[in-house]
Number of protein chains: 2
Amino acid sequence: MFRKTQHNRVFQDLVDQIQAAILDGRLKPGDKLPSQRDLVDMFQTSRASIREALRVLEQKGLIEVKLGVSGGAVIKTAGTESITADLTLLMQQQQVSFDHLAEFRESIEGDVAAMAALKAAPSDIARLEDILVQAEACLNGDDHTPYDFIRMDIRLHIALAEITGNPVFVAVMKMIHETVLGFYDRFTFRRRAVLEENYRDLGAIVAAVKAGRSEEAKKLALSHVGRFNRHMKNASHGPEAPSPSNRATPKN
Amino acid sequence: MFRKTQHNRVFQDLVDQIQAAILDGRLKPGDKLPSQRDLVDMFQTSRASIREALRVLEQKGLIEVKLGVSGGAVIKTAGTESITADLTLLMQQQQVSFDHLAEFRESIEGDVAAMAALKAAPSDIARLEDILVQAEACLNGDDHTPYDFIRMDIRLHIALAEITGNPVFVAVMKMIHETVLGFYDRFTFRRRAVLEENYRDLGAIVAAVKAGRSEEAKKLALSHVGRFNRHMKNASHGPEAPSPSNRATPKN
DNA sequence: ATCATACGAATGGGTCACCCATTTAAACAG
DNA sequence: CTGTTTAAATGGGTGACCCATTCGTATGAT
């Protein structure tokens, strides 16, 4: 039951030690780790092992490695990026279908909108309305690009999640929308009427949030998501079932 | 806009390629990657870079590396381990609190129970009832271990998610519960009355699912989760805010 | 023949001594 | 004072090498 002698690999020890230092607060975001060569001296190990450890910490999203003199590994501010990437990965592995995502969205977006309506501060409202303005620009601007409008749609939904103040909702929301984005390559909306309907939905949701009407926001978000999903379904006339495009996890 | 020459690090290219092969299905769980030295020949790179790539893939939970002759890197079955580890990490960084998780649970578990009530097949009911029997054994058996009962509680909730047929719910549910489990080291339930109340809740939920009463199942699940969260809150009388035990990411 | 032991090959883990590209700051020329 | 060059420190990368683990196989005693 006791662990075997030296059963830990060297790089794992390094990862544990550095991670513990970060979690204990001995290393704060923005702090810089010693150079790889100094770490070699400190830990009495080889540079390759040091680098494997840094690679793992980097992948975990705990540090960021920069090049050049006085570059090095700096402790990153905690964020939800890595977990979003991992969940996206899991979804791709498990062959999650668009219907699965749609069902999940319908379960969660209503609650998010309702919570946002209860918690929104004036600055939050301003941010939402700013996104609305940008969305309208994408809709009516000269360079009318449906893809940009969708980006704004997603930004608004994530903004709602951020208003809840709950990072779990933010992480899950980002994950869902980033994965959904993978479907747009095939089923991009080209009908302007659909986009306009979408825009009106967003405006109504923001108005309800602004007024603090949580139940109304919830109902609007639900019908919005439901209608969106139906449009996506109608747009999918392809031979096989929709599946996300096979790009690797982006920007990781 | 085009990426700079060789802007990718070598190990990142390797990670992307191998990961894409796994996600495409060209590499299936159980398959074994070539040996590190063969990969050196195939990719025309150094062994150190190969190993950094394998380390990252290992950390992502995509492969498992074994020692000895005819050891090597085997593709792992998709799992939620790495995601759970990441979420645990976030919680340790105090970015996610128990309250956040609790709020999220209350948002999602009701819908899961309702969907399960609508979709449950007789075999699903049998499985739920089997779990109930085991939970009762943990409660009344000679070796009365609260921890085992909690495991059964979690198994039942995950079983409900599986009945929905939606892998997104399953993944999210596993993630949440496995993370919540990290709190039990400090706030283990020792009062038998709480456990019994929990058990009655579960029985009622299963009964509602069996009868196909989705709304009733939803309400029961909501009150169950809400009461559970209140108990957890009351149990936390410690000086500081509840935070998961500081063990490193388990078995990763 | 059978079983136990010893050996050797292949593998991942680890180390060392290098070299290169990038980046910054100091030194220098105008 | 300004712009340019240069040197140093850093992370990225490579190849040769050794070690511990593991397993198949050969060897040998029974």
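Just so we're on the same page: letters track the sequence lines, and every chain starts at 1.
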Ranking C:dG12, D:dG11, C:dT24 by distance to the side chain of B:Gln36, first place goes to C:dG12
Out of C:dT11, D:dG12, C:dG14, minimum distance to the side chain of B:Arg37 belongs to C:dT11
To the nearest angstrom, the CZ-C1' distance between A:Arg51 and C:dT15 comes to 14 Å
Comparing A:Gly68 with B:Gly71, nearest DNA chain C nucleotide closer to 5' gives the residue B:Gly71
Does B:Glu52 pair with B:Arg9 as a salt bridge, N-O distance under 4.0 Å?
no
- Item | Presence of A:Thr45 side-chain N/O under 4.0 Å of C:dT15 phosphate oxygens OP1/OP2 | yes
Tightest non-hydrogen contact, residues A:Leu14 and A:Ser49, listed as CD1-O, 3.9 Å
Quick one, B:Leu160 with B:Asp124, criterion side chain to side chain contact (heavy atoms under 4.5 Å, CB included). Give me CA distance, side-chain angles, the key distance, then yes/no. CA-CA 9 Å; B:Leu160 287 174; B:Asp124 295 326; over 6 Å; no
Would you call A:Lys174 and A:Glu178 a salt bridge, taking side-chain N to carboxylate O under 4.0 Å as the test? no
Within the pair B:Ser49 and D:dT14, is there a side-chain N or O less than 4.0 Å away from OP1 or OP2? yes
Here the distance between atom C1' of D:dG13 and atom CD1 of A:Ile50, to the nearest Å, is 17 Å
To the nearest angstrom, the CD-P distance between A:Gln44 and C:dG14 comes to 16 Å
From the list A:Leu27, A:Ile50, A:Val65, side-chain contact (heavy atoms from CB on, under 4.5 Å) with A:Leu33 holds only for A:Leu27
A:Asp41 atom CG is separated from D:dA9 atom P, nearest whole Å, by 14 Å
Rounded to whole Å, the CD-P distance (A:Glu58 to D:dG12) equals 7 Å
Of the listed D:dG12, C:dG14, C:dG12, the closest approach to the A:Arg47 side chain comes from D:dG12
From the candidates D:dG15, C:dT11, D:dG12, the one with an atom nearest any side-chain atom of A:Leu67 is D:dG12
Looking only at C:dT23, D:dG13, C:dG14, the nucleotide nearest the A:Val69 side chain is C:dT23
Residue pair B:Val40/A:Ser35 against DNA chain D: nearer the 5' end by closest nucleotide is A:Ser35
